[in-house]
Student: 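What follows is a single structure, and I will ask about it in a moment.
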Amino acid sequence: MSDQKRLFLVDAYALIFRGYYAFIKNPRINSKGEDTSAIMGFMNSLLDVIKRERPDHLAVCFDKGGSVDRVEMYEAYKANRDETPEGIKTAVPYIYDILKAMHIPIVMKEGFEADDVIGTLSRQAEKEGFKTFMVTPDKDFAQLVTENIFMYRPVFGGGYETWGIPEVQQKFEVTDPMQVIDYLGMMGDASDNIPGLPGVGPKTAKKFLAAYGSMEGLLAHTHELKGKMKEKVEANGELGLLSKKLATIMLDVPVTFDAKDFELDQPDIEKVKEIFQNLEFRRLTDNFLKTFVDNTETSSNETKTPALEGKVDTVAKKSSSERKGSAGAGQFSLFGASSDLSDQEETTSEYTRKTAETSSHFYQSVASGMATKLFVKNLLNQTSVCFDTETTGLNPLTAELVGIAFSWEVGKGFYVPFPEDRNGAKELIEILRPFFENENIEKIGQNLKYDIKVLAKYNVDVKGNLFDTMLAHYLINPDMRHNMDVLAETYLNYTPISITELIGKKGKNQRSMREVPLDKQTEYAVEDADITLQLKEHFEKELREANTQKLFDDIEVPLLRVLAAMELEGINLDKAFLNSLSEELNNDIANLEKSIYEAAGEEFNIASPKQLGVILFEKMKLVDKPKKTKTGQYSTAEDVLSYLAKDHEIIQQILDFRGLSKLKSTYVDALPLQVEESTGHVHTDYMQTVAATGRLSSNNPNLQNIPIRTERGRQIRKAFVPRNEDYTLLAADYSQIELRIIAALSEEETMINAFKNGEDIHASTASRVFNVPISEVTREQRSNAKTVNFGIIYGVSAFGLSNQTDLSRTEAKELIETYYATYPKLRSYMSEQVDFARDNGYVQTVLNRRRYLKDINSRNAVVRGAAERNAVNAPIQGSAADIIKLAMINIHKKLAEGNNKSKMLLQVHDELVFDIYKPELDAMKLLIKTEMENAYQLSVPLDVDLDIGDNWLEAH
DNA sequence: TAAATAGCAGG
DNA sequence: GCCTGCTATTTAT
């Protein structure tokens, strides 16, 4: 080992960008609404480097004002860069502060890029006998590599690789790292907008380098090339030389390397802690303290020069032989006895995630027979257990149990495999039943609705308190995603075994869980249960802190059971009716097709907006200046075409064609295919954690967007029918619930009274806004008032309003002004919501459901405007969702208590659909109306309309 | 084969 | 202007 001094030069922006985008799907937002992704990503990397390498000299280099020289050479240099994301701009000052507090030098020079600064410093340090490591993912730096200068690149998935001369030679197929400049010059660089030689990519560039050694060499030998390539290279020699200059990192920036300045000092611990605390970095604070405070044992010889030892320094710290307990070993001794677990891993950086490989754990499969009984005995002694079912598929109605994993202690758990034969499975389930049906044992899981449905198919009723980590996290941050892999990575810094690793990618030859070897099943399934258990501990606390525990316990968790029941029930579908509808549509579509082709003078794909645009606007020239979409295509969207409909017959035909095709493909033909064979019903899947406002969503199939607005479309509702002639469908919907909520929340008396008096709210609004008696309100006036009423809920703009009505922009603006004058408290309520969001970073519903609005203080007016509209809309839409959820829970409870045959089947945001057993009809009408109208007390009465019928259309 | 885009169904 | 999910076409890999 050499005792050469080691200097680490960090390319700040490259790591900041990388950190920022690493979190892009789950941006880190603190309670003040600040996006801290970039800061966290950068600090993770920096601490990681320090911890791994313990550099004795270190500096962080920034760009300052872009490269004056390069822009002078080439105006378009970096001109196509998107604007730096807001989250990065705001991060930089924080990073400066942190670096200062850490006593790490910041190097930058006006008019130069970090590349040039690093290039210059590394050469100076080389002269003073340093080994330099350039910390950057950017390949351009390869040109700087020498015997004493290395690239130190973060690798996707964790770890770092060091590029010395041999690595650069190999990656770029060059003999000298300096040739990387020629390589970059030839192929150009899209992100820096370096043009390069046209038609030359990585392959050709390597070929040229091998043959001619450099850009100049190539240009001197163009006569040896042939065909198109020869022409192109000869025509663009100048461009090639310019590109090479642009790609050259400068080595003469006016900065000076002074070894003393760059020595890595002890940071000002308190100062850094304070900044981190302000940013709400908990894990990072721990990591920082570990890096700088108790580092006594880490600076052993092992960590002194690992950068030079392996090409890739991966994260695995414990070999698998060090791990305890693999499946199958000594199971009896382990039941109930607590086996000591060794220390938890301490690494936490973004690039050093823990996995099952690197964490100690004890996952055990339970053999059949006696062992299972002993296991269950132990299980029944627990008060709280996490479980996870493994099945043969995603559809709980058809999926078979392959196994169930259990965990009640972090790092430990058991897996009970299920036999394939039905009888064997039934026997086993009987052994487990006492656990699931025990009221006193809390059941923890991720997406318990699925497990509950699967077990219901085995006639097992899961009883006792529930804790669903997916639901918990949905309340903690509804805008994020909530799948277990993301949660584990975000909150536990842990990467679980991926399901595709076991069963392959979906599609062609995906395996069933059943075919996975038992030891793999065990590792995977128990890991899931173990992680879920760990997440629970995390989320319990956060729910309490956000004051949203009640919403969780009283609404979302009970609702999970309600939804499971509704989904298992499904709704009866009249397939024969849809089939005949399909034939009718087929005819009509064929006829339209014919007339369209005639009018157009040729056949084309009407469903292709691209082809349609060409026909309408190039061939037929129906309009002078066609509107374009953002990708430069002609827009053929509905509102655009509607304008033209009165002038050209073909347009109406196209719109009709579209309408009918949509109906046919999305509903009439698709729905019958979704009927479950065993039940004859369609079973939608309600998603409880996707809509950021708190609404449900529905898919496979989506039964929340069955047509109703057009005559032709609403016919589809006739296909939704009661289960048999003893039943009838009942639809119950809240009348104007969102307007009632905004009236109540804003305490706008005028509007509240209108509702209390049972007035037609849109007519009432029109009467006041247009200053006419309510009896003389015209259709148009009512319609405009209705548009504004809804607009208010969405956060109106004059622009949007004039688009939706016949009103001009000015008229729309006036109308909105008059509206606010009529309902002054509405306006003040709206600005209060925005102010609240600015101060707190979130808004909330009547039941304390939060939505965080990170952009509410954005300096970008468009982005901020969207957040402001959300601040108004989310509490309204979300409160309506809260209320109907409450009603659903209460109704479900009453139906069960009364042993009623009638069932709740569907929820469509403000509507509930029931299959009513005819003898129960009167009782049900009363029950449903009462429960819905009294689900939540507002200062405005809630009003529910009920309708019954032999199909969903009639029940409206 | 998967991902992105355009368009459109509902509240 | 808010909140969603599905289909078909097109594009990129």
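Letters A, B, ... mirror the listed sequences (proteins, then strands); counts begin at 1.
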Student: So what does A/Arg714 touch, heavy atoms closer than 4.0 Å: a base, only the sugar-phosphate, or nothing?
Tutor: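 Nothing, no nucleic acid heavy atom in range.
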Student: When we call it a touch if two heavy atoms are under 4.0 Å apart, what does A/Val872 touch: a base, just sugar-phosphate, or nothing?
Tutor: nothing
Student: For A/Glu738 and A/Ala880, which heavy atoms make the closest approach, and how far apart are they?
Tutor: CG-CB, 4.2 Å
Student: Where the side chain of A/His482 meets the backbone of A/Thr689, is there a donor-acceptor pair that is under 3.5 Å apart?
Tutor: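 Yes.
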Student: Earliest and latest nucleotide of DNA chain C, 5' to 3', sitting under 4.0 Å from a non-hydrogen atom of chain A?
Tutor: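 Extent of the interface on DNA chain C: C/dG1 to C/dT11.
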Student: Determine yes or no for a side-chain-to-main-chain donor-acceptor pair under 3.5 angstrom, with A/Arg717 supplying the side chain and A/Ile706 the backbone.
Tutor: yes
Student: Taking the side chain from A/Thr548 and the backbone from A/Leu551, do they hold a donor-acceptor pair closer than 3.5 Å?
Tutor: no
Student: So if I define the base as every atom that isn't primed, P, OP1 or OP2, how would nucleotides 4-11 of chain B read as a B/S/- string at a heavy-atom cutoff under 4.0 Å?
Tutor: -SSBBBBB
Student: Taking any heavy-atom pair under 4.0 Å as a contact, classify A/Ala881: base, sugar-phosphate, or nothing.
Tutor: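 Nothing: the residue A/Ala881, judged by heavy atoms under 4.0 Å, touches no strand.
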Student: Which one of A/Asn572, A/Leu953, A/Asn951, A/Leu573 satisfies the side-chain contact (heavy atoms from CB on, under 4.5 Å) criterion with A/Phe720?
Tutor: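 Of the listed options, the one satisfying the test is A/Leu573.
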Student: If we ignore hydrogens and angles and just use 3.5 Å, is the side chain of A/Arg511 paired with the main-chain N or O of A/Leu502 as donor and acceptor?
Tutor: yes
Student: Please report the shortest heavy-atom distance between A/Gln844 and A/Phe836, naming the atom on each side.
Tutor: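 Looking at all heavy atoms of both residues, the closest pair is NE2-CZ, 4.2 Å.
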Student: If only atom types and distance count, is the side chain of A/Lys449 paired as donor or acceptor with the main-chain N or O of A/Tyr686 below 3.5 Å?
Tutor: yes
Student: By the 4.0 Å heavy-atom rule, please label A/Ala670 as base, sugar-phosphate, or nothing.
Tutor: sugar-phosphate
